[in-house]
Protein chains: 2
Amino acid sequence: MATRTRRSQRRTEALSRERIVEAAVELLDTAGESGLTFRALTERLATGPGAIYWHVANKDELLAAVTDAVVAAAVAVGRTAGTRQSPPEKPEPQASPQDGIRGVALGLFEAIERHPWLATQLAAQLSRSPWGTVTPRMFESIGQQVRALDVPESSWFTVTSALVHYVLGAAGQNAANSASARALAPGVDRARFLDTVSTAWEELDPDEYPFTRAVADQIRGHDDREQFLAGIDLVLAGITATQRREPRPGQE
Amino acid sequence: MATRTRRSQRRTEALSRERIVEAAVELLDTAGESGLTFRALTERLATGPGAIYWHVANKDELLAAVTDAVVAAAVAVGRTAGTRQSPPEKPEPQASPQDGIRGVALGLFEAIERHPWLATQLAAQLSRSPWGTVTPRMFESIGQQVRALDVPESSWFTVTSALVHYVLGAAGQNAANSASARALAPGVDRARFLDTVSTAWEELDPDEYPFTRAVADQIRGHDDREQFLAGIDLVLAGITATQRREPRPGQE
DNA sequence: GCACATCTGGAACAACATTCCATGCTGGAA
DNA sequence: TTCCAGCATGGAATGTTGTTCCAGATGTGC
């Protein structure tokens, strides 16, 4: 607790909204959602609550800013078609729109994997102000790729919404997996964790859960990322299937 | 505040886990997520904290129980193919699996619409214990319909996951809409709310948000439920498109 | 060198989840 | 009936949280 060097540090590393957000992200990553408290923040930034409250209105606004910052970085990475830190000289010469969508989706997927708290926060932020700054960000990144498909403009909104919603739901669930896999077995491979889940599902009531028991074994070998992309491809296939036909099918 | 009749009521309406969960749901519905406090619970149940803690371990467990109860009711309704309170005598004679899936999805959709806090809680519960009691419930309801499609067994898990994930993401987002529409304009129609959002999107930076600005106008007339089902149909179309082909397409 | 708005941090406060414990109640045994 | 064991209860007390208040420090205009 460096209490004596504060005055000389004052303007050397001045407090700013960005520094607060940065510290909050680190706290969330290391200590989890319950680890982000104003007291921990003041200690980490060697300051007092008043200083923080001068830059952010309250905890909700801080969480919103944190979520927005991480999402912004995620879709920025995703926009370069999914390869992490690709050299910006030739940004994917003839990447298909499908690959672009996979890239953005994977960017969000990996962001949630890196920051497990992001799943909950995304849901919370979308509930609090659904049309805030985070929704347009994802909407824009995916929508730009949708526009590159041969989808009629009247369907842009619906199609993009479907993709965004799938990404949100899937990434959230998969982030939860990796989070508890990490918590349950820090060093052990996730195979052990998946095996536990699979066994638990196999022991469900046969009358109530026949289907879940039947697919329980498929959990064991599965790869989160592959399955996530398989879902994306499912939606993409649905898009091309329903948008390419001439006027409309008589009955589904 | 009936403080005097407590002793005679003691065993008349005994405290139970179910009564606590029921009261918690009502509190969440009327006062929002922040309205569910142990103090409010004790007042509503005319008891003390110790009595509640005798039945539930802590707030997290209470929230898990509450979420599970609401989800269980939702998929039970959805399983009867989407029509609310249909007479149980003839439960949908020749309903297609597609309609079954739409029914279960709509059941969850409407549950989140009725209980706006459910979206956040679902995300939180899935993050805390992803393979708890709520995931198998949704998985089973949708999976039983997937099995009725002509999908090969090897794809059951992937296909069902994709559907569940879309439902979670879409229902969460749409619940957020109706929630803030209600909060913003209690009596006014949601057209006014959608108009506000649309205008906000039209005023975004043209360089950063060209697509979002382009589709902003499509927000105005759109119906949450229709769009939700359109997304479901998109995934269903993708399923039939990719699963009906004989062995496998050479390249996507 | 002086005043001003900007910025800081410590102390104080209300609300919260949770724990503790003395007391009440109920169903069965004497 | 009377008693007792143990399930069940509710009020008081505790520690932590988000948030507010305010006296003072800091750097910038004169």
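In the text below, chain A, chain B and the rest are named by the order of the sequence lines, each starting its count at 1.
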Any residue meeting side chain to side chain contact (heavy atoms under 4.5 Å, CB included) with [X], in chain and number order, not counting sequence neighbours:
X	result
B:T120	A:A124, A:S127, B:E33
A:T30	none
A:A123	B:A123
A:E61	A:R17, A:V56, A:A57, A:N58

Does B:F139 have any ring-ring contact (aromatic ring centres under 6.0 Å, His included) partners at least two apart in sequence or in another chain, and if so, which? A:W201, B:F157
Quick one: side chain to side chain donor-acceptor pair (under 3.5 Å) partners of B:E26, sequence neighbours excluded? B:R44
In residues 23-40 of chain B, which ones come under 4.0 Å of DNA chain C, going by heavy atoms? B:L36, B:T37, B:F38, B:R39
What residues 54-66 of chain B contributes to the DNA chain C interface at heavy-atom separation below 4.0 Å is B:N58, B:K59
Whole-Å distance between [N] [atom2] and [X] [atom1]?
X	N	atom1	atom2	value
B:R17	D:dA8	CZ	P	14 Å
A:R19	C:dT8	CZ	P	10 Å
A:E43	D:dT16	CD	C1'	13 Å
A:Y53	C:dT8	OH	P	16 Å

I'd like a table of atom pairs between the protein and nucleotides 3-5 of chain C - only N or O on both sides, under 3.5 Å - with the distance next to each one.
none

Pairwise side chain to side chain donor-acceptor pair (under 3.5 Å) hits with a residue in residues 163-173 of chain A, at least two apart: none
Sort and list the pairs that fulfil ring pair (Phe, Tyr, Trp, His ring centres under 6.0 Å) and have at least one residue in residues 18-62 of chain A, not counting sequence neighbours. A:F38-A:Y53
Sequence neighbours excluded, the answer for salt bridge (Lys or Arg N to Asp or Glu O under 4.0 Å) partners of B:E202 is B:R220
Could B:R137 and B:D68 be called an ion pair, given the rule that one side-chain N must be under 4.0 Å from one carboxylate O? yes
